[in-house]
Amino acid sequence: MEVVELDEALNVLDSSLSLMKWRLKSQSKRRLEIDILALCTGMRPVVMIDYGGKLPELQERLCALMKLIQKQSPIFEHLKVMVIDDMIYLIHVKGLAEYVRSSLSLEAQLHFVDLEQDPPKMITQAENSPVGMQLISIQKSFSLLFPQDGIKDDPLPCHRTEYMGDATSSTHELVTSQSSDFIDLSSCMQDTQVTVPTLNGWLLGYPVVYLFSKEHIADAIYNLSTKSLRIFKISVCRNAAPSKGSQLEELLSFSVPYDLSMGGSKEQWAEAFLVHMQEKWERCKPAWRSLEMEVSECYPQAIVL
């Protein structure tokens, strides 16, 4: 995406928000701009929208926004709204399909922090945990919903898709309805012990994912609340026109217990993740001027999972 296309995308987004009379706070609007540009440029396959309002109004506004911007520019053609319970996401359909494929082929190497233990422990094989195995089953469910070979023919079906059935089963049924234009995967975690933080850790592309079952939520909260954390933040700077200016802005961030990340940015998994993000950045340099990782410390505090 060239600078001209970047400016065009932002102009379309701004005019559509005005047409909808969606008056976002300045900080929320900046986050929406960064999130949508990150999807369109391939920097992220999924973003969670935890700003700009609450469900169901937020969902309705995002669906309406997608319709407006997609009518005005092909830049946004692969974007779609996805809902899981009370969480709402924007996804790049092709980007998510590729990410799911890389996850299942182990190209995207994940590390897991087992929060059921005190102190928490780092594990690298999901197969060593029952919850990890169920997460793999959910990933396989996503691979059926976002097949790489089916995207070109129908990149943005205007219907609601629900995943029905047991996520641990090899039998899946897809049910579609013409009543809406968002993807509802609220059933993907039913009948499993996979928690929202675990699903989000993988879905949002973090290299380290918190792992614990629904039966051990209280243990996980205690074990994380009593530990110092390191916050790993990836920031980017837009390649905006000189007249508009640009600044370093957060692309994504995640935490890791301090004792399990003593090397900070020098941890092997942290260096590998930065290289992975830099490779993405190299492919869309016209859109982003710079990318960097920052590591900070956070003392023990109350955690909500």
Side-chain angles (χ1 to χ4, degrees), residues 28 31-32 35 39 44-66 79-93 95-97 99-100 103 110 112 115-116 126 129-146 157-169 172-177 179-206 209-221 224 252-255 303-305:
S28 295
R31 285 188 61 186
L32 184 62
D35 283 344
L39 293 170
R44 300 190 71 183
V46 180
V47 296
M48 184 168 68
I49 308 299
D50 56 358
Y51 53 87
K54 298 180 180 181
L55 291 174
E57 183 181 22
L58 177 59
Q59 175 182 315
E60 293 168 355
R61 284 179 164 175
L62 284 173
C63 288
L65 178 63
M66 290 301 103
L79 303 190
K80 199 159 184 67
V81 177
M82 182 173 75
V83 175
I84 300 178
D85 292 335
D86 59 351
M87 299 173 294
I88 188 162
Y89 311 83
L90 287 179
I91 67 172
H92 188 285
V93 178
L96 180 53
Y99 178 59
V100 172
S103 296
L110 281 181
F112 298 91
L115 289 182
E116 294 184 10
S129 162
V131 179
M133 286 297 293
Q134 291 182 343
L135 176 63
I136 293 174
S137 293
I138 290 175
Q139 292 172 343
K140 291 178 179 178
S141 300
F142 271 74
S143 72
L144 295 178
L145 288 163
F146 302 100
C158 293
H159 57 240
R160 175 179 177 179
T161 304
E162 293 185 4
Y163 166 67
M164 303 294 289
D166 187 343
T168 63
S169 171
H172 307 279
E173 178 184 1
L174 302 182
V175 179
T176 62
S177 168
S179 61
S180 187
D181 57 349
F182 63 92
I183 300 172
D184 189 344
L185 298 185
S186 296
S187 58
C188 74
M189 293 193 298
Q190 289 179 5
D191 303 315
T192 78
Q193 284 294 311
V194 176
T195 60
V196 168
T198 296
L199 179 67
N200 277 339
W202 164 68
L203 197 55
L204 299 177
Y206 303 155
V209 175
Y210 290 137
L211 195 65
F212 58 96
S213 68
K214 295 175 181 176
E215 295 177 351
H216 290 273
I217 291 177
D219 294 329
I221 291 174
L224 202 57
L252 62 87
S253 64
F254 59 93
S255 66
I303 301 290
V304 177
L305 292 175

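Below, all heavy atoms of this structure are taken into account, side chains as well, without hydrogens, waters or symmetry copies.
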Using the ring of each side chain (for Trp, its six-membered ring), is Tyr99 parallel, tilted or perpendicular to Trp202, with breaks at 30° and 60°?
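The rings of Tyr99 and Trp202 lie parallel, inter-plane angle below 30°.
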Calculate, to the nearest 0.5 Å, the distance between atoms [atom1] and [atom2] belonging to [X] and [Y] respectively.
{"X": "Leu204", "Y": "Ser253", "atom1": "CG", "atom2": "OG", "value": "10.0 Å"}
{"X": "Glu116", "Y": "Asp219", "atom1": "CD", "atom2": "CG", "value": "7.5 Å"}
{"X": "Asp86", "Y": "Leu58", "atom1": "CG", "atom2": "CG", "value": "11.5 Å"}
{"X": "Leu203", "Y": "Gln139", "atom1": "CG", "atom2": "CD", "value": "9.5 Å"}
{"X": "Arg44", "Y": "Leu96", "atom1": "CZ", "atom2": "CG", "value": "12.0 Å"}

What pair of heavy atoms forms the shortest contact from [X] to [Y], and how long is it?
{"X": "Leu55", "Y": "Met87", "result": "CD1-N, 4.2 Å"}
{"X": "Ala126", "Y": "Ile136", "result": "CB-CD1, 4.0 Å"}
{"X": "Ile138", "Y": "Leu199", "result": "CG2-CD1, 4.0 Å"}
{"X": "Phe212", "Y": "Thr195", "result": "O-CG2, 3.4 Å"}
{"X": "Ser28", "Y": "Gly52", "result": "OG-N, 4.2 Å"}
{"X": "Gln134", "Y": "Gln193", "result": "OE1-N, 2.6 Å"}

Indicate whether the side chain of Tyr210 and that of Ser255 have a donor and an acceptor atom separated by less than 3.5 Å.
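Checked: Tyr210/Ser255 side chains pair up, N/O donor to acceptor below 3.5 Å.
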Ignoring hydrogens and angles, state whether a donor on the side chain of Asp50 or Tyr89 is under 3.5 Å from an acceptor on the partner side chain.
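No.
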Is the shortest side-chain heavy-atom distance between [X] and [Y] below 4.5 Å?
{"X": "Ile49", "Y": "Asp35", "result": "yes"}
{"X": "Val131", "Y": "Phe112", "result": "no"}
{"X": "Ile91", "Y": "Ile183", "result": "yes"}

Scan Leu39, Leu79, Val46, Leu65 and name whichever one has a side chain to side chain contact (heavy atoms under 4.5 Å, CB included) with Leu90.
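Output: one option passes, namely Leu39.
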Side chain to side chain contact (heavy atoms under 4.5 Å, CB included) for Val81 and Asp181? Distances and angles first, verdict last.
CA-CA 8 Å; Val81 177; Asp181 57 349; over 6 Å; no
Step-by-step side chain to side chain contact (heavy atoms under 4.5 Å, CB included) determination, Leu145 to Leu185
CA-CA 10 Å; Leu145 288 163; Leu185 298 185; 3.2 Å; yes
Is a donor on one side and an acceptor on the other found under 3.5 Å between the side chain of Lys140 and the backbone of Leu135?
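Between the backbone of Leu135 and the side chain of Lys140 there is no qualifying donor-acceptor contact (under 3.5 Å).
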Is it true that a side-chain atom of Lys80 and a backbone atom of Met66 form a donor plus acceptor pair closer than 3.5 Å?
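Flag not set: sc Lys80 to bb Met66 has no pair under 3.5 Å.
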Where do Leu110 and Tyr206 land on the side chain to side chain contact (heavy atoms under 4.5 Å, CB included) test, with the steps shown first?
CA-CA 8 Å; Leu110 281 181; Tyr206 303 155; over 6 Å; no
